[in-house]
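Beneath this line is the structure, given in structure tokens, with notes to follow.
Residue numbers start from 1 in every chain, and the chains themselves are labelled A, B, ... in the order their sequence lines are given, proteins ahead of strands.
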Amino acid sequence: MTELDEIDRRLLRALVRDAGQSAGALGRRLGLSQPATWRRIRRLEQAGVIAGRQLRLDAEKLGFGVTVFLGVKLALRGRVSLEDFERAVTAIPEVQTVEHMLGLFDYRLRVVARDLPDFERILRRRIMTLPGAGEVEANVLLSEERLAGPL
Amino acid sequence: MLDDGDRKLLRVWQAEPSLSQGELAERAGMTTGRAVRRIARMQELGILQGVGVVIDWSKLGYAVQVSLRITLEKSQGNAFDGFLAQARQVPEVIEIQTFLGRVDVRLSVIARDMAHYQQIYRSKILTLPHIAEIEALMQVAQVKTSEGLPL
């Protein structure tokens, strides 16, 4: 496990907001030299604390007006291979995230669609036909906030 | 609003968010100048909001992630606002989503281990206002995390 000091925490908070800033600009705000900032970022990347980078796009402006979270239960538990389900669900372009869960549902999917008819098409043609897919519960996303977390 | 060149840029960048603008232009088959202008325009339009790092909380010792599906007491008019305002104050809450469906709100909560989760749940979650019902699902694995849009 990686221990963070106060500067690492501030650095991570800044990078979550905007990873496009140069190490020089970040360093000036944190009171570090450019090489020292760069070394810290590199250390966090190597430790896997920074898992990667993500482009933030406005889905609605790009024509994806609907985001739906689906809870999926697998039917015939034990007889379906989780690998088969996971491989098939991961390949659906409209499925943005897949989480394996323990509880009420087996999988939680985040699905984007242009509108509700488009979502219905994805649900019927792609989700319901997945190997092993059983009961599905849909909740339409109204708002979303990402928080900094315990940094 | 977007042409094929813009989409190409976003597709390439989305798949590899760490690319520099020069590399991005090359992969998208255009000059750096043209790519930079397109990116600037998409930023102005608010389509492109930036690039952020993704934190792997497990590397910081947060091994447990729980999804809490919450139904609120909606008979009180300010239930949503009151609940959300206080949920934002809990450092271990990293995501808040509101829905149209069977579930009103979902919180993503991270904890170091089950004992730590239990403590957060009792002292910081159950004390949130206007909760009618809570269901907890534990995340076993993240199978797909790209959150890319099918452009």
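Within the structure, salt bridge (charged side-chain N to carboxylate O under 4.0 Å, His left out) contacts touching residues 15-28 of chain A (residues at least two apart or in different chains) do not occur.
Between chain B and the residues A/Arg146, A/Glu86, A/Glu145, A/Glu60, the most heavy-atom pairs under 4.5 angstrom are made by A/Glu145. In terms of non-hydrogen atom pairs under 4.5 Å with chain A, the most contact-rich of B/Leu10, B/Leu137, B/Val53 is B/Val53. Note on A/Val112, A/Leu109, A/Val89, A/Leu62: by heavy-atom pairs under 4.5 Å with chain B, the leading option is A/Leu62. Ranked by heavy-atom pairs shorter than 4.5 Å toward chain A, the options B/Met138, B/Gln142, B/Glu95, B/Gln14 are led by B/Met138. Your options are B/Leu60, B/Leu2, B/Thr145, and the one with the most heavy-atom pairs under 4.5 Å with chain A is B/Leu60. Looking only at heavy-atom pairs under 4.5 Å with chain B, the residue among A/Pro150, A/Gly48, A/Ala14 that has the most is A/Pro150.
By the neighbour-count criterion of 12 heavy atoms within 6.0 Å, atom CG of B/Asp4 is sparsely surrounded, having that number or fewer from other residues, nucleotides or ligands. More than 12 heavy-atom neighbours from other residues, nucleotides or ligands sit within 6.0 angstrom of CZ on A/Arg43.
Interface residues of residues 38-48 of chain B toward chain A, defined by a heavy-atom distance below 4.5 Å and sorted by number: B/Leu45, B/Gly46, B/Ile47, B/Leu48. Of all residues spanning residues 29-36 of chain A, none has a heavy atom less than 4.5 Å away from chain B's heavy atoms. Residues from residues 99-118 of chain B that place a non-hydrogen atom less than 4.5 Å from a non-hydrogen atom of chain A comprise B/Phe99, B/Leu100, B/Gly101, B/Arg102, B/Val103, B/Arg106, B/Ile110, B/Arg112, given in numerical order.
Side-chain contact check for B/Arg69 versus A/Phe105: some heavy-atom pair is nearer than 4.5 Å. You'll find the side chain of A/Met101 stays beyond 4.5 Å of the side chain of B/Val140, heavy atoms only. Using a 4.5 Å heavy-atom cutoff, the side chains of B/Val143 and A/Thr90 are in contact. Using a 4.5 Å cut-off on side-chain heavy atoms (C-beta onward), B/Trp57 and A/Leu151 make contact. Using a 4.5 Å heavy-atom cutoff, the side chains of A/Thr97 and B/Lys144 are not in contact.
One side chain, B/Thr98 or A/Ser143, offers a donor N or O that lies under 3.5 Å from an acceptor on the other. Side-chain contact, A/Gln96 with B/Glu147: no donor N or O sits under 3.5 Å from an acceptor N or O.
For the residue pair A/Ala51 and B/Asp56, the shortest heavy atom distance occurs at CB-CB, 3.9 Å. When all heavy atoms of B/Ile94 and A/Gly149 are compared, the pair lying nearest together is CG2-CA, 3.7 Å. Pairing each heavy atom of A/Arg53 with each of B/Pro17, the nearest pair is O-CG, 3.1 Å.
Atoms CG and OG, on A/Leu55 and B/Ser146 in that order, are 11.5 Å from each other to the nearest 0.5 Å. Between A/Leu147 atom CG and B/Gln89 atom CD the span is 9.5 Å, to the nearest 0.5 Å. Here B/Ser67 contributes atom OG and A/Leu102 contributes atom CG; the two are 12.0 Å apart, rounded to the nearest 0.5 Å. Note that CD of B/Glu135 and CG of A/Leu104 are 5.0 Å apart. Values are rounded to the nearest 0.5 Å.
By the rule that hydrophobic residues join a cluster once side-chain heavy atoms approach within less than 4.5 Å of another member, B/Val51 and B/Leu9 end up as members of one cluster. When hydrophobic clusters are built by joining Ile, Leu, Val, Met, Phe, Trp and Tyr residues whose side-chain heavy atoms come closer than 4.5 Å, directly or via intermediates, B/Tyr121 is grouped together with B/Leu72. In terms of hydrophobic clustering, with Ile, Leu, Val, Met, Phe, Trp and Tyr side chains grouped at heavy-atom distances under 4.5 Å, B/Leu84 and B/Ile134 are assigned to a common cluster. Taking hydrophobic clusters as Ile, Leu, Val, Met, Phe, Trp and Tyr residues chained together by side-chain heavy-atom distances below 4.5 Å, B/Val90 does not share a cluster with B/Tyr62. The hydrophobic clustering, which links ILVMFWY residues whose side-chain heavy atoms are closer than 4.5 Å, places A/Ile127 and A/Phe69 apart.
When heavy atoms are compared at a cutoff of 4.5 Å, A/Ile92 approaches chain B solely by way of its backbone atoms N, CA, C and O. Looking at A/Val16, the atoms closer than 4.5 Å to chain B (heavy atoms on both sides) sit in the backbone and in the side chain alike. Both the backbone and the side chain of A/Ala59 have a heavy atom closer than 4.5 Å to some heavy atom of chain B. The part of A/Ala148 that comes within reach of chain B is its backbone (N, CA, C, O), which places non-hydrogen atoms under 4.5 angstrom from that chain. A/Leu44 does not touch chain B: none of its heavy atoms, backbone or side chain, sits under 4.5 Å away. Using a 4.5 Å cut-off between heavy atoms, A/Glu137 touches chain B through its side chain atoms alone.
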Checking A/Leu142 against B/Phe80 for the side-chain contact (heavy atoms from CB on, under 4.5 Å) test, could you report, in this order, the C-alpha distance in whole Å, the side-chain angles of both residues, the deciding distance, and whether it holds?
CA-CA 12 Å; A/Leu142 294 179; B/Phe80 267 93; over 6 Å; no
